Amino acid sequence: MVRIGHWIGSVALAAVIALSGCSKSESTHESASQPASAIKPTVYLLPKKKGVPYFETCAKGAREAADKLGVDLTYDGPTSGSADEAAKMIEQWTLQGADVIAVSASDPAPLAPVMKSARSKGVHVITWDSDTPADSREFFVCQASAEQIGNALCDTLAKDIGGGNADNADGEVAIVTAQMTAANQNEWIKYIKARLEKYPKLKLVDIQPSNDDQTKAQQVTQDMLKAHANLKGVFAISSQAFPGAAEAIKQAGKVGQVQVTGLSTPNDMKKYVHDGTVKSVVLWNTVDLGYLTTCVADALAKGTLKKGATTFNAGRLGEKKIDGDVILLGDIIVFNKDNIDQFDF
Amino acid sequence: MDATSTISMELATPTFSQRLWQLAARREYGIAIVLAIIIAGVTTKNHDFLSGENVRDILIHCTQPLIVSCGVMLVIVTGEIDISVGSALALLTAVLGWLASPTHYHWPAWAAILATLALGAILGLINGLLVTLVRIPSIIVTLGMLTMLRGLTVILMSHPRPDGRAGDITDMPYSVRFFGIGKILGISTSLWITAIVVVFTALLITFTPLGRRIYAVGSNPHAARLSGLSVTRVKIFTFMFTGFLVGVATIVTQLATVTSGLGQGFELLVVTCVVVGGVSISGGVGTMIGVVLGVILIQIQSTVLIFLKLGTNAANWNQAIQGALILIAVLIDQVASRGEKRIGGGH
Amino acid sequence: MLLLVLIALMLTAGHLEPKFVSSRSQEGLLSHVWDLAMLALPMTFIIITGGIDLSVGSMMALTSVTLGKLYIAGHHPLWLAILAALCVGIACGLLNAIFITKVGVHPLIVTLATYSAYRGLAEGISLPEIYSGFPDWFRSLGQNTYGSLQLIGWLFIIAAVFCAIVLAKTPFGRSIYAIGFNETAARFSGLKVNRAKVIIYTLSGLAAAIVSINYSGLRDNAQANVGLNMELDVITAVVLGGTSIFGGRGRILGTILGVALIHETREFVGWHYHRNEYVPLVVGALLIVAVAANALLMRRSSRT
Amino acid sequence: MTVPLIDIRNISKAFGGVQALAGVSLDIAPGEVHALCGENGAGKSTLIKILAGSVTPDSGEVLIGGQPLQVGNVRASEDAGIAVIHQESVAFPHLSTYDNIFVGREPKTLAGLWLDRAMMRRETKKLLDRLGEHFDPSRSVGELSVAQRQMVGMARALSRDCRLLIMDEPTASLSARETEVLFKLIRQLKSDGVSILYVSHRLEEIFLLADRVTVFRDGKYVGTKLKTEITQDDLIRMMVGRELLQVEGMVKSETEHPGGEVMLDVRGLTREGMFRDVSFSVRKGEIVGMAGLVGAGRSEVAQAIFGAMPLDAGVVSVAGENLRSGSIDAALDAGIALVPEDRQHLGLVLPMSVGANLSMAVLPKMTRAGLLASGKEEALAGEMIRDLRVKTANARVPAETLSGGNQQKLVIGKWLATRPRVLMLDEPTRGVDVGAKAEIYKLIREMANGGMAVIVISSDLPEVLLLSDRIVVMRQGRVAGELSRQDATQEKVLALAMLNANTQ
């Protein structure tokens, strides 16, 4: 009985393979040769990690633009945040006949080759939020470079520690990151470290992973607060780490004595900004970032945006400057008690 | 007569189980000694380590894994395993957030908490039914649940709630958070709850018929059946109990923000703690004190490393140290029990 | 059984998304499956003996970092780095095997420990740097197709045929089954139980090394978080393929079908719904339903 | 005759097409010791399981005290006063003795929520005293000897006021002294009005204890006789349905002093806590019996010779060559084979086919170009099935479908295929029915005549005396003495095996 099943299985498997081979002829000339100026361009928007507020707010802006421009927008990405998973999704979308793929690279190394290969198959590839090597994409929709982000974080924390004057900043600081292996965070850490040289009285004493888990972030922050008596500031540089670290400082009763900053959406941090635990939150307008990215994708698909352009008209955002192949969103925003309520994302 | 008649036992089972017994009795001492050494070592380097505040925080770090370990311990004692607890923790936290948050369903705290506990028990019931009635190996059932519940959590958290928002929930009412960060008689509520769970579990396994049956089922399921015990019911109970405790762990959380990324890897943490605490993966063996010590040993580690102030690159070795610690624990254990067997058999 | 499910899936997929089943897109999607498939082969042997290896993903990380550290950071010749990576993979597997056979610890516990330890070592050694900049010829080995399959695809086919023959037709394969059913009896029959275990756990390490080396070529990168959560996928695929977690039963063909089914399901859910969060939901449900159906069918057939 | 306590009517049960019981009926009077006999596979165990409630019959009914018993329910059987002492001592090794005795119906306090440990301990003490055992009731059962565990099982049965006590091969692992205690207990229970269903292969015991004997054969009821009506031979005839094979003549050695050179030589084997300074030798063509009480270390010595147990000291040599100790491979290469006592766990891979089990020890020889050649395997299996007269449909069915005796033949066949020079058989006929026993005896002698050196370990004294050319008796891990065939009598062997056993 088992043996018969075995043979039937093998035969049927062969049949499936043969069948899929036969269907080859029907579908050879599909995706790549489609004219790019089809009425409804197909745009795929890839976040580093799906399901986190930062990217969900980007998606909000992207959908707004898509509705206005008549773009067939798909927003999807790895819920695990794995770059390898993201690479697989790009490959799949290429096969599905995407017109434009917009990538936010959690790790440029594994993504760049895939993006290049997508481009070679006639897909427009752009990056947004975080870039990959220039030859793997056409444009980069940039809110800020890793260096700018690192600098902004560092300057903000120094200012908060110094009570408004960065030069007064004195004491020890620590970083709570996602995983020790998180490519993005490590990039920022690199620039934070570099920028800290500007503040010789600030000393980086520890970097701890939170395993992208708020509970863990809270625990390590708590421990560092006690272990380093002179700790004055914490960089909490992942979406799970920031609320965790803020909560730890609050519960330890060190509000005002220890400053914490990081990247997060205003809505997530409003509570801590209002109760004084967090003085400043560093970010940019994520809704606008999603909006701008979708506009760029649409223009590329329709052929209205070409290499070498110096400005780009982005709907409600108005004229945006293009610096080479980098389209700039605008400035980093530091949210504080005074301005945070003006934003809802 | 005794000395010689012990050698008649058939090769595999009795000597092995005998060994396990002795081991279970010894394991607690072993962990306690390792713990003492670690604590003494770090305290000499940093006197603040044993400050009241730090001890309290370390204990609070242990609350969630310890509460869930109480359930997982019983599951493992019956010879099964539950690796779905990490995802279940995420899902239950998300549900609690949905129900209790004022900008969402805004249920009263007690109702939201009861619903979360009930849902936890139901998840456990599903595991238990699949394991006992459908007879799927528990590692497969809970592996499937681990994956599924994680997906469900992301879907739930990205689904627009009644106020049209999606994403993190930042406005958990204090009436719910009281169970995590509140204080009763100057001691954190979460510690009270954990203590209740631990004492309850300890009493359950030592002094109640049900507790004895859990061990009986793990020790020899065939015999348990012949003794008229319902193996099915006992196993379903342990899974439900675990699910319920995941619900309890949800409530003692220290966190203010509910996100979908909670509890990643929590299941492995719990299984590691339980196993390091001397609970035998083949069933029938395990003590409450061992599990408590196992949880503390594993959880204390990251605090110890931070207190040693090893600098900014040290954290890269955290995981390697954890792995090595487990390997060493297992190795010492095995070697010790071998020595024991040689000496013990001969008297 | 499994094949019927696979065919049903492909037919439904073909109905909903005609482009999905076309050979062109299948060919493109194929490149995603090889690492899973490759690791599933030794895992099939391991699970048939009643064991488990949770450390495969972590072994990938450690071999990946070895390769990157030696070649990119250490400027050693690439062949040396590859050789070292292979050796590290073998050593990792061997260490698992020694703990399992000589020290006598349950495989679940050993590999749970090395799951942390190997990845931890990888993180510690790489501090955690990302190594990229592999030479073109090496990358083309990973990326190029030779007669519609990548190098690793061909490697897998050879390995799969080899494993299938070994498992079904050799004394070694027979001893694997015997160990799974009754290890003591196998030992008392003079079968070389420990040797068999050492071989399969070591092979698991070797497979992890091969997959991670290929990955480095394919994605031009080597780092400590390669192969994260891989172990669960591999175990899921093997079990889905009908291998009993209690040992004694399972076949390579089943594993191949299991890998195919899980791969096609994942890709199709991604393709059709564009909601990554559905993937774990569907894969988890598939695992439980498939094993449940199998258990129920087995019971029915044993009753009559 | 009085109203029967238990009336079993027309019970049938089939397992996957095999009729285990076909309409059997049986009644037991209050205070009766009723023996149940039959070859392996006669259906005794199935009947026990049905009475215990762990198996549901396909048809038929059981009346207890005139009331129908709810079949297929362990609890209902217990409540009706049926207790079973199982063949393999069923116990929870990790639990204490008193937990073992009371698990499932623990005495409770506090509205049933709390265990009454004091009472459990007290009651257990009483029960153990009654059984003549005096160990601490809180010791875990895993630390107890097999015999003590058997007593725990007994205590468990006694702890409830049972009306019917079922004993399945209760003396299989008991020493003579313990057997004596057991028999006394049975008589005492009987006088208290408890009925006993006594299942055993040991005919002497049956004739010593039973009032009536019922015989099953192939799942069918053969008959019930008063003990006074029949002889042992009658009983055996009822069981096998044919005349007992005249085995005596066939198993005698061909020569008076068999054997040429020494094949196996064992010097000073020591394993702490198990055996010490064990030395003996076996010649080619000779059968050496190893006698001794259960627990004297015989099985352990055999396993040590086979390399399955590490040695602290001592040397094993085969045909003059010393073996590496603690290595099964070395033993196999030297031509040593072991048919272990526990065939289910150590001897066979039950779910695998008969053919695969037979070829297990010679797999490398079953190949062509490295691949298993099914032709060679089939040939081997066919040969073994024919030579050993294994009753099986074919070589492809799983070994677990065979009866105990045939499974034992498989284990022997597996080792014969290796053409061993030294063959050790540990309890080769335990749990094997009478017919198969005779065939196994014949086989063993044939093998010796073929030039093999054979060691037979057996607790069955007549068996040892019947087979052996020479008898090595062990006591408490040491060789207590050697007896030649001419000198050996049951009394002498027992004396060596037991002398001082109780005073040490």
Side-chain angles (χ1 to χ4, degrees), chain A residues 49-57 59-60 79-81 174-175 177-181 189 193 204-209 211-229 238-240 242-244 246-248 250-252 264-265 267-272 344-345, chain B residues 42 46 48-49 51 53-54 57-58 60-61 63-65 86 89-90 93 150-151 153-155 157-158 165-172 180-181 188 253-266 269 299 302-319:
Chain A
K49 182 172 182 174
K50 200 180 179 189
V52 298
Y54 175 87
F55 286 105
E56 296 309 309
T57 53
K60 201 169 140 194
T79 49
S80 61
I175 299 177
T177 178
Q179 284 95 6
M180 296 308 285
T181 50
I189 290 172
K193 278 180 178 168
L204 182 65
V205 289
D206 207 350
I207 302 175
Q208 285 290 330
N211 300 340
D212 237 354
D213 183 292
Q214 242 188 106
T215 314
K216 180 86 179 159
Q218 187 172 343
Q219 288 176 5
V220 295
T221 311
Q222 221 169 41
D223 290 340
M224 289 194 296
L225 288 175
K226 283 171 304 190
H228 303 282
S238 87
S239 59
Q240 303 284 335
F242 199 178
E247 188 65 25
K250 191 171 158 189
Q251 283 184 30
S264 186
T265 54
N267 279 353
D268 262 23
M269 299 310 292
K270 266 178 193 160
K271 191 171 65 177
Y272 294 110
D344 181 21
F345 61 88
Chain B
V42 66
N46 189 333
D48 294 339
F49 191 78
S51 69
E53 199 190 345
N54 196 38
D57 285 346
I58 288 173
I60 288 178
H61 294 177
T63 52
Q64 278 195 328
L89 186 74
T93 309
R150 180 63 63 188
T153 309
V154 176
I155 292 171
M157 287 303 290
S158 56
R165 286 160 186 261
D168 295 357
I169 300 169
T170 55
D171 53 357
M172 290 289 282
I181 58 169
S188 167
T253 179
Q254 305 290 304
L255 300 176
T257 309
V258 177
T259 64
S260 61
L262 284 169
Q264 305 262 20
F266 185 67
L269 172 71
Q299 284 294 88
S302 103
T303 310
V304 166
L305 290 173
I306 290 171
F307 269 77
L308 289 177
K309 300 191 193 174
L310 298 171
T312 54
N313 276 336
N316 286 305
W317 294 95
N318 276 4
Q319 221 186 348

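Proteins come first, then strands; the chains are lettered A, B, ... in the order of their sequence lines, and each starts at number 1. All of these numbers come straight from a predicted model, not from anything done at the bench.
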With only heavy atoms counted, which part of Lys226(A) is less than 4.5 Å from chain B, the side chain, the backbone, both or neither?
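Interface part for Lys226(A): both.
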Is it the backbone or the side chain of Lys270(A) that comes under 4.5 Å from a heavy atom of chain B, or both, or neither?
neither
So, taking the atom named [atom1] in [X] and the one named [atom2] in [Y], what distance separates them when rounded to the nearest 0.5 Å?
X: Asn313(B); Y: Ile207(A); atom1: CG; atom2: CD1; answer: 6.5 Å
X: Asn316(B); Y: Gln179(A); atom1: CG; atom2: CD; answer: 12.0 Å
X: Met224(A); Y: Thr303(B); atom1: CE; atom2: OG1; answer: 11.0 Å
X: Thr215(A); Y: Gln64(B); atom1: OG1; atom2: CD; answer: 5.0 Å

For Thr259(B) and Gln240(A), which I'm curious about, is there any donor-acceptor pair between the side chains at under 3.5 Å?
yes
Tell me the closest heavy-atom pair linking [X] and [Y], and the distance in Å.
X: Asn46(B); Y: Ala227(A); result: ND2-O, 4.0 Å
X: Glu247(A); Y: Gln254(B); result: CG-O, 3.6 Å
X: Gln214(A); Y: Thr257(B); result: NE2-O, 2.8 Å
X: Pro53(A); Y: Asp168(B); result: CG-OD2, 3.1 Å

If we ignore hydrogens and angles and just use 3.5 Å, is the side chain of Asp213(A) paired with the main-chain N or O of Leu262(B) as donor and acceptor?
no
Please classify the contact of Asp48(B) with chain A as side chain, backbone, both or neither, using a heavy-atom distance under 4.5 Å.
side chain
Can you say whether Gln319(B) sits under 4.5 Å from chain A via the side chain, the backbone, both, or neither, judging by heavy atoms?
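Contact with chain A: none, neither part.
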Pick from Arg150(B), Lys309(B), Gln264(B), Glu53(B): which one has the most heavy-atom pairs with chain A under 4.5 Å?
Lys309(B)
Highest number of heavy-atom pairs under 4.5 Å with chain A: which of Ile181(B), Leu308(B), Leu255(B)?
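When all of Ile181(B), Leu308(B), Leu255(B) are compared, Leu255(B) has the most.
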Kindly indicate whether the side chain of Lys271(A), heavy atoms from C-beta on, has any atom under 4.5 Å from the side chain of Asp171(B).
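Lys271(A) does not reach Asp171(B) side chain to side chain.
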Ser302(B) side chain near Lys216(A) side chain, heavy-atom distance below 4.5 Å:
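They are in contact (side-chain heavy atoms under 4.5 Å apart), so the answer is yes.
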Sequence-distant partners of Phe266(B), ring pair (Phe, Tyr, Trp, His ring centres under 6.0 Å), two or more places apart
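So Phe266(B) forms no ring pair (Phe, Tyr, Trp, His ring centres under 6.0 Å) with any residue.
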If we define contacts as heavy-atom pairs under 4.5 Å, which of Val220(A), Asn211(A), Thr57(A) has the most with chain B?
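Ranked by heavy-atom pairs under 4.5 Å with chain B, first place is Val220(A).
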Going through the distances and angles, do Thr170(B) and Asp268(A) end up as a side chain to side chain donor-acceptor pair (under 3.5 Å)?
CA-CA 6 Å; Thr170(B) 55; Asp268(A) 262 23; 5.5 Å; no
